[in-house]
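See below for the structure under consideration.
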Amino acid sequence: MREKIVLIDGHSILNRAFYGVPDLTNAEGLHTNAIYGFLNILFKILDEEQPEYLTVTFDVHAPTFRHEMYPEYKGTRKPMAEELRQQVPVIKEVLQAMNIATIEKAGLEADDLLGTISHSCEEKGMDVAIISGDRDTLQLATEHVKIRIPKTKQGRTEIEDYFASDVKEKYGVTPTEFIDVKALMGDTADNIPGVPGIGEKTATKIIVEYGNIENAHEHVSELKPPRASKNLDEFWDQAVLSKTLATIDIHADVPFDLEAARHGNMYTKEAHDYFQRLQFKNLLGRFDVEADSNDVEEYFKEITEKAEIEQVFAEAMKAKLVGVGISEDAGNVLPLFAHESGYGRISLAYDREKIYTIPADMEVTMDYLFGKLTELAKKVDTFVLCNLKKYLSLISVEKEEHCFDPILAAYLLNPLKNDYDFEDIAREQLNLIIDEKADEKTKSCYEAYTAFASVEILKKKLDETKMKKLFDEIEMPLLFTLYDMEHAGVKIEADALKTYGEQLGSKIVELEKNIYDKAGEVFNINSPKQLGVILFEKMGLPNGKKTKTGYSTAADVLDKLAPDYPIVSEILEYRQLTKLKSTYADGLAGFIQTDGRIHGTFNQTITATGRISSTEPNLQNIPIRTELGRLLRKVFVPEEGYVFVDADYSQIELRILAHCSGDEQLIQAYREARDIHRITASQVFHIPFDEVTDLQRRNAKAVNFGIVYGISSFGLSQDLSITRKEAAQYIENYFQTYPGIKTFLDESVENAKEHGYAVTLYGRRRPVPELKSSNFMQRSFGERVAMNAPIQGTAADIMKIAMIGVNRELKKRNMKSRLILQVHDELLIEAYQDEVEEVQTILKDQMEHAAELKVPLIVDMHNGNNWYEAK
DNA sequence: GTCCTCACG
DNA sequence: ACGTACGTGAGGACC
């Protein structure tokens, strides 16, 4: 059996990975995509090859003999992107931690290292696999040396393999001849000149016939085409030089120690730590956690005897800090508002050595256990539970301020993650890896232990990042407010909703008929692909924008065509109606529960900026902008004996901008103005307030919005359908009128660049790793984010403060009225008829005084018997 | 699972 | 030259 060595061309694979894997960053803001891609390729190769030896080669950035011969060598290469450069030293450290040999030598290129090691290993009777993204290495292929070139296709890595025979098959020349082909055709990437007028085709033909350039030169007069003949003669010196440059040295002086390259255990503690730090979650699964199990598991104990359970609870009640884990019985969804709480288990951790898990059974029911947890939450100083809101229907909490939800803390510390679970917190805060295959008992204990042990660390981090107050005074209290809102839900007139849907349905059928008629065939109007073909190919309409996959049929494109083509108007109407029917009429109907109400979910850990989001269903995007859509709001009604009171902040984001920038003009405008957009128009266009035209006002309004979004002339020009130049002029005028805003936005970007994150008035942070990107588009995005996040985030903070205040007042005064919806700058209260005035006072007071800014916060309020009327 | 489209602030 | 406005969630098509 021949032994095998795998040789990896480090820089080349890292480079491939960098361009093939979407941008990733870890919590420190370090880019990790190339490292991640590299490791994936590494693991795949090792799984396939099972080699005895392994080495990764790297280039040192030092001149090589090729530069001495030809200073322009590799001269045209672009410098490495910063995001890639920073990953190079890290991958070297990671490889070292994995006991993988690396080799680099000043004055030698990776190719020469690969060639020399490969050659010497083959001579020792070994098989060699060279992994490189660079086709130059194909010249090294032999019967025993296999060149493997990974390619990323749609996220999957496929590898092309080349032995000598495969090179011949694919390129028509042997690996050795491959060098001569390159000498003739040159290589712009490496700045190898080659012979002018000879490309790949001619070069291959010549070498196939003559075997090498020397022999070709001897028969130079016979070469075809005549151009090749003439130029090879004329540029013969250049051809010889090119051949030398193109030839990989297989006899270089390389300090290679085969024994040091022996492939051993990669899954070390150090490597594990690196993977954790880099947040390569799915690669961590490769580490054998069983063998290196966490010490804490010693103290995990399942208890089933009622007496012992009682005793454990009694002991826990005396503790200061208790971590809790709750597991639902597999396959059994925990009913949120039901009393039969199903089967599952709860776990408690109230000391590093006191970690218990208790399965529910016929005697020790979940109801009993939740009762105990309720008692516990009352007694202990700190009651810690992940996703607390989810369990508040089962655990009644009296002392809200004694609760701690680690999930919310983790969100504040890094709001960019897709999801937050206790396994992540265990890993990130406690350096604890929980085996995915662990049993339910063990997992539940870990959940309780993680809750218990992470509090101190999370609090410290919140302190260090100056977000403790934000956590204690906004996020934690808000959790309870949101629970109350979800629990209350909103009443829907199911019958009216059904009728609305049916009316849409018949109109849709009608439109369908007309559209098929005009198109001359039946097709799926909802398929952008089919629609594009019908409109832009079959009917020959002028097509504007394109998407990655075909023609764009987006509304802004169709809007432009609608005046000239009746079918387009009908398609637009069809789109609107089907949207209303599927998402809203039919969609919402599916969420109405037996109490006649929709109990959606308000998510607190989704957005990057601190806003709340709404799901199942989304109650924050109910139509309003078109009358037909707006009618839907008539089915959102208060219960008998109640009315809706709706309150929304007037231009809260612009007011925050005025406050944060301190711009005197804007502040003054807000202190006086009824109509800020008109004032803006008047000041920006230098015309008297009363003479501002509608168009001017509309433009000023768009600029105001643009400023909040992180203005760009392109974006504004799109929005207003004007040229970029005109848009740029608007912006310049705006900044001249409000110089404080220009300064503020610039400072926001500078700040975010310096610290790596944008920050709100209340200290909420939003990391902006894109600012470090070398990619213009990415970086510009980062700049806009850095301008927008403090504004949008502060607005979210203020609204959260108001919500907590409103809810607290309603409860404190034992009112029947309740807060039921939040839509970013709007609150909806279902007010008991006798309490309407009080509710209005509370809403106005709490919302307008949630923050004291340099400009007044103004709230508009309306009552109604449905949401349509109240808005 | 990803893309496109579109509903909201 | 690059190809965007900021922040979301849901449905339908298509792979």
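So you know, we letter chains A, B, ... as the sequences are listed, proteins then strands, and number each from 1. All of these numbers come straight from a predicted model, not from anything done at the bench.
- Using atom P as the reference point in both dC4(B) and dG3(C), the two lie 15 Å apart (nearest Å).
- Here, dA7(B) and dC2(C) have their P atoms 31 Å apart, quoted to the whole Å.
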Can you check side chain to side chain contact (heavy atoms under 4.5 Å, CB included) on Ile652(A) and Ile858(A), steps first, answer last? CA-CA 8 Å; Ile652(A) 185 169; Ile858(A) 300 296; over 6 Å; no
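- Nucleotide dA1(C) forms no Watson-Crick or G-U wobble pair with any nucleotide shown, as no partner meets the under 3.5 Å limit on both distances.
- Considering only side-chain atoms of Lys579(A), the nucleotide from dC8(B), dG7(C), dG9(C) that sits closest is dG9(C).
- Salt bridge Asp746(A)/Lys742(A): present, at least one basic N to carboxylate O contact under 4.0 Å.
- Using a 4.0 Å cut-off, some side-chain N or O of Arg766(A) falls inside it from OP1 or OP2 of dG7(C).
- In summary, Glu521(A) and Lys538(A) engage in a salt bridge, as defined by a charged side-chain N under 4.0 Å from a carboxylate O.
- We find that CD of Glu653(A) is positioned 17 Å from P of dA5(C), with the value rounded to whole Å.
- Looking at heavy-atom distances under 4.0 Å, Val823(A) makes contact with sugar-phosphate atoms alone, never a base.
- Leu588(A) places its CG atom 13 Å from the C1' atom of dG11(C), with the value rounded to the nearest Å.
- For Arg784(A), the listed nucleotide lying nearest its side chain is dT4(C); candidates were dT4(C), dT5(B), dG9(B).
- For the segment residues 716-727 of chain A, the set of residues with a heavy atom within less than 4.0 Å of an atom of DNA chain C comprises Leu716(A), Asp719(A), Arg724(A), in numerical order.
- Counting any heavy atom pair closer than 4.0 Å across all strands shown, Ala789(A) reaches no nucleic acid atom.
- Look at Phe714(A) and the base of dT4(C); the rings stack, centres closer than 5.5 Å and planes less than 30° apart.
- Ring pair Tyr551(A)/Phe536(A) is tilted by interplanar angle, where 30° to 60° counts as tilted.
- Side chains of Asp860(A) and Ser650(A): no donor on one and acceptor on the other come within 3.5 Å.
- Using cut-offs of 30° and 60° for the angle between ring planes, the Phe705(A) and Tyr709(A) rings count as tilted.
- Side-chain contact annotation: Arg697(A) with Thr680(A), donor-acceptor N/O pair under 3.5 Å absent.
- Gly710(A) comes within 4.0 angstrom of no nucleic acid atom, judged by non-hydrogen atoms across all strands.
- The only member of Glu830(A), Glu493(A), Glu486(A) that meets salt bridge (charged side-chain N to carboxylate O under 4.0 Å, His left out) when paired with Arg597(A) is Glu830(A).
- Ring to ring, Tyr730(A) and Tyr734(A) are not that close: their centroids are 6.0 angstrom or more apart.
- In summary, the side chains of Thr615(A) and Asn603(A) do present a donor paired with an acceptor at a separation below 3.5 Å, with no hydrogens or angles considered.
- Ala702(A) comes within contact range of at least one nucleobase, with a heavy-atom separation under 4.0 Å.
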Give me, pair by pair, the N or O atoms of the protein and of nucleotides 12-15 of chain C that are less than 3.5 Å apart, along with how far apart they are.
residue : atom : partner   : partner atom : Å
dA13(C) : OP1  : Asn524(A) : ND2          : 2.7
dA13(C) : O3'  : Ser527(A) : OG           : 3.3
dC14(C) : OP1  : Ser527(A) : OG           : 2.6
dC14(C) : OP1  : Gln530(A) : NE2          : 3.3
dC15(C) : OP1  : Lys529(A) : NZ           : 3.2

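- Using a 4.0 Å heavy-atom distance criterion, Thr553(A) is classed as a sugar-phosphate-only contact.
- A straight line from CG of Leu577(A) to P of dA7(B) spans 11 Å, rounded to a whole angstrom.
- Checking Thr743(A), Ile741(A), Ile791(A) one by one against Ser661(A), the side-chain contact (heavy atoms from CB on, under 4.5 Å) holds for a single residue, Ile741(A).
- Phe776(A) comes within 4.0 angstrom of a base, heavy atoms only.
- Applying the salt bridge (charged side-chain N to carboxylate O under 4.0 Å, His left out) test between Lys753(A) and each of Glu747(A), Glu770(A), Glu783(A) identifies Glu783(A) as the sole match.
- Here, dT4(C) and dC3(B) have their P atoms 13 Å apart, quoted to the whole Å.
- If you check residues 606-629 of chain A against DNA chain C, the residues with a heavy atom closer than 4.0 Å are Ile606(A), Thr607(A), Ala608(A), Thr609(A), Arg611(A), Ser613(A), Ser614(A), Thr615(A), Glu616(A), Asn618(A), listed by number.
- In terms of position along DNA chain C, the nucleotide closest to Ile707(A) lies nearer the 5' end than the nucleotide closest to the other residue of the pair Ile707(A) and Asn603(A).
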